[in-house]
Student: 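Quick one: the structure is below, and I'll ask about it shortly.
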Amino acid sequence: MNALDEKYMRSALKLAAKGLGAVEPNPAVGCIIVKAGQLIGQGYHKKFGGPHAEVNAIASCAALGVRPEGGTMYVTLEPCCHTGKTGPCTQAILDARIARVVVAAGDPSAHAGGQGLDQLRRAGVEVEVGVCEDEARLLNAPFFKYAATGKCWVVLKWAQSIDGKLAFADPSPEKRWITNAVSRSDAHKLRRRVGAILIGINTALADDPMLTPRPSKGKKPIRVVLDNELRIPLKSRLLRTTKTSPVLVYTRKAAIEANARHVERIRKRGAEVLACEAGSETPDLHFLVEQLGARGVQQVLVEGGPRVLTSFLREGLADEIRVYISPKILGADGAAYIGEPMTDLMQGIGLDHVQIKTFGEDVCLMGLLAD
């Protein structure tokens, strides 16, 4: 990897990041085209179903009146060679007569798996793979995990005060939020990134949430409720809005058998009721995550209370954590800590690739669970 290739690929990665939250379940991809030492085109995948990064970069050359023929393309993921919602990018590259293609990472998907790279090589294009590969894989870590394993990427998200409280003891309307409006807007961007949003029944009863991203920008994640005893009210906003976005209630077989009429009414409202194996005192989270993956959910956002969040940590299911911290000390006015005693969690859990952002006076800490 030479310094110039690395420089241009890092620029392509910055472009790719602009698509996060809009392109999922597709990966975020960036592309630039260089000719005679000059950047002549650039683009990124802007939204799901729209043109891919390579096509947008080639189009930007035409807009400038520059021919990309003989140039070098830097793209953060292997170009596709199949027809889906858009045509194959490999054909667009060949039609543009690009001479060299530098790729950050191959695509492990079944419809790709190096086929795009092979097609370009057979057509005489010089191809190099692996420039800034670690950064490219990190940018699209949920996509790579799902493509390789079929398993969901699990994000745990919560808001807290600086003394670690997750909620007010008295959740009156004026005390509904711990964090500010800017933090909450960022949290909705995170919701637009995922295919499912999950809470526990206690959160559903206390807040009666919609669990939809706002603005939705067309995203309709599955809304999942962990409900061991099937206590979800028929008048809840979740069950009143199943036509807006799907709802899945995850419970035990024993609860379904004991509440047959309630289950029937839930299903009539358009929600799915899913049961784990018989005999379990609490629903199996591993089974639930597998079922969401089988439904095409690439990322699931867990927004439950401390018991639900701790359960995902204890089961080793979490991949990413995002915590919004408000500069408030709630003291006796606060309630609910993360954790229940977590001494069995190997004396604490570490994070890798930690990022810290500020939203007004709030601080957001993000990181991936350490291996």
Side-chain angles (χ1 to χ4, degrees), residues 20-21 154-194 197-214 223-226 236-237 285 299-370:
L20 292 174
V154 179
V155 184
L156 307 188
K157 184 226 98 178
W158 69 88
Q160 68 174 56
S161 63
I162 57 174
D163 58 342
K165 304 293 182 65
L166 273 67
F168 284 96
D170 172 24
S172 53
E174 64 272 13
K175 292 182 176 180
R176 184 177 181 186
W177 307 109
I178 291 178
T179 53
N180 63 32
V182 185
S183 290
R184 297 197 296 273
S185 177
D186 185 71
H188 278 286
K189 289 181 182 178
L190 178 59
R191 282 185 173 184
R192 288 195 293 273
R193 202 182 92 184
V194 304
I197 301 170
L198 182 150
I199 59 171
I201 186 59
N202 290 332
T203 298
L205 294 172
D207 298 342
D208 192 20
M210 286 282 287
L211 295 185
T212 52
R214 294 185 292 277
R223 297 169 293 169
V224 183
V225 181
L226 303 182
S236 68
R237 294 203 293 172
L285 295 179
Q299 299 186 60
V300 56
L301 175 61
V302 179
E303 293 192 356
R307 290 181 62 185
V308 171
L309 292 163
T310 302
S311 295
F312 274 86
L313 287 169
R314 183 167 283 120
E315 293 297 320
L317 286 168
D319 295 291
E320 179 181 344
I321 285 178
R322 185 174 299 203
V323 188
Y324 296 89
I325 306 169
S326 171
K328 296 183 177 78
I329 298 175
L330 299 187
D333 288 335
Y337 289 92
I338 282 290
E340 306 172 343
M342 292 173 62
T343 54
D344 58 330
L345 292 180
M346 297 180 290
Q347 301 171 343
I349 295 173
L351 296 180
D352 289 332
H353 305 291
V354 174
Q355 299 180 56
I356 297 174
K357 295 183 179 181
T358 57
F359 299 107
E361 294 180 343
D362 292 349
V363 173
C364 179
L365 185 147
M366 299 169 281
L368 307 187
L369 273 291

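Just so it is clear, the structure is predicted and the values come from calculations on it, not from any experiment. Side chains are part of it too, since the values below use all heavy atoms of this structure and drop only hydrogens, waters and symmetry mates.
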Student: So, Asp208 side chain and Arg237 main chain: donor-acceptor pair closer than 3.5 Å or not?
Tutor: yes
Student: Specify the closest pair of heavy atoms between Val225 and Ala204, including all atoms of both residues, with the distance to one decimal.
Tutor: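 Closest heavy-atom pair between Val225 and Ala204: CG1-CB, 4.3 Å.
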Student: Do Leu285 and Leu226 make a side-chain contact, defined as non-hydrogen atoms from C-beta onward lying under 4.5 Å apart?
Tutor: yes
Student: Under the 3.5 angstrom rule, does the side chain of Asp362 hit a backbone N or O of Val182 as a donor-acceptor pair?
Tutor: no
Student: Could you give the distance from CZ (Phe359) to OG1 (Thr179), rounded to the nearest 0.5 Å?
Tutor: 10.5 Å
Student: Are side-chain heavy atoms of Val300 and Val194 found at a separation under 4.5 Å?
Tutor: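 Of all side-chain heavy-atom pairs linking Val194 with Val300, none is under 4.5 Å.
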Student: List the atom of Leu309, the atom of Val302, and the distance in Å for their closest heavy-atom pair.
Tutor: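 Smallest interatomic distance, heavy atoms only, reads CD2-O, 3.8 Å.
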Student: At what distance, to the nearest 0.5 angstrom, does CG of Leu190 lie from CE of Met366?
Tutor: 9.5 Å
Student: Distance from Arg192 atom CZ to Thr212 atom OG1, nearest 0.5 Å?
Tutor: 11.0 Å
Student: Decide side-chain contact (heavy atoms from CB on, under 4.5 Å) for Glu303 and Thr203; before the verdict, give the C-alpha distance in whole Å, the side-chain angles of both, and the deciding distance to 0.1 Å.
Tutor: CA-CA 9 Å; Glu303 293 192 356; Thr203 298; over 6 Å; no
Student: Measure the spacing between CG of Asn180 and OG of Ser185 and express it to the nearest 0.5 Å.
Tutor: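 The OG atom of Ser185 is 10.0 Å from CG of Asn180, to the nearest 0.5 Å.
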Student: What distance separates Gln160 CD from Ile325 CD1, expressed to the nearest 0.5 Å?
Tutor: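 Those atoms lie 5.0 Å apart.
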Student: Considering residues at least two apart in sequence or located in another chain, which fulfil the salt bridge (Lys or Arg N to Asp or Glu O under 4.0 Å) criterion with Asp319?
Tutor: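 Only Lys145 meet the salt bridge (Lys or Arg N to Asp or Glu O under 4.0 Å) criterion with Asp319.
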Student: Determine which pairs satisfy salt bridge (charged side-chain N to carboxylate O under 4.0 Å, His left out) with at least one residue from residues 178-190, sequence neighbours left out, and list them in order.
Tutor: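 Passing the test, one end in residues 178-190: Asp186-Arg322.
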Student: Would you find a donor on one side and an acceptor on the other, under 3.5 Å apart, between the side chain of Asp163 and the backbone of Gly331?
Tutor: yes
Student: For side-chain contact (heavy atoms from CB on, under 4.5 Å), just list the numbers for Ile199 and Val308, CA-CA rounded to whole Å, side-chain angles, deciding distance to a tenth of an Å, and then say yes or no.
Tutor: CA-CA 7 Å; Ile199 59 171; Val308 171; over 6 Å; no
Student: Nearest heavy-atom pair of Ala187 and Lys157: which atoms, and what distance?
Tutor: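 In terms of heavy atoms, the two residues are closest at CB-NZ, 4.2 Å.
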Student: With rounding to the nearest 0.5 Å, note down the distance linking CZ in Arg191 to CG in Leu301.
Tutor: 7.0 Å
Student: So, for Pro327 and Ile162, which heavy atoms are closest and what is the spacing to 0.1 Å?
Tutor: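 Scanning both residues completely, I find the closest heavy atoms to be CA-CG2, 3.9 Å.
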Student: Could you tell me whether a side-chain N or O of Ser311 sits under 3.5 Å from a main-chain N or O of Arg307, the two making a donor and an acceptor?
Tutor: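 Pair found, side chain donor or acceptor close to backbone of Arg307.
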Student: Kindly check if the number of other-residue, nucleotide or ligand heavy atoms within 6.0 Å of CD1 (Ile329) is above 12?
Tutor: no
Student: Check for a donor-acceptor pair, side chain of Lys328 on one end and backbone N or O of Ile178 on the other, with a separation under 3.5 Å.
Tutor: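 Yes, the answer is positive, given that a donor and an acceptor are paired below the 3.5 Å cut-off.
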Student: Are any of the side-chain heavy atoms of Ile349 and Ile321 separated by less than 4.5 Å?
Tutor: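 A side-chain contact is absent here, since even the closest heavy-atom pair is not under 4.5 Å.
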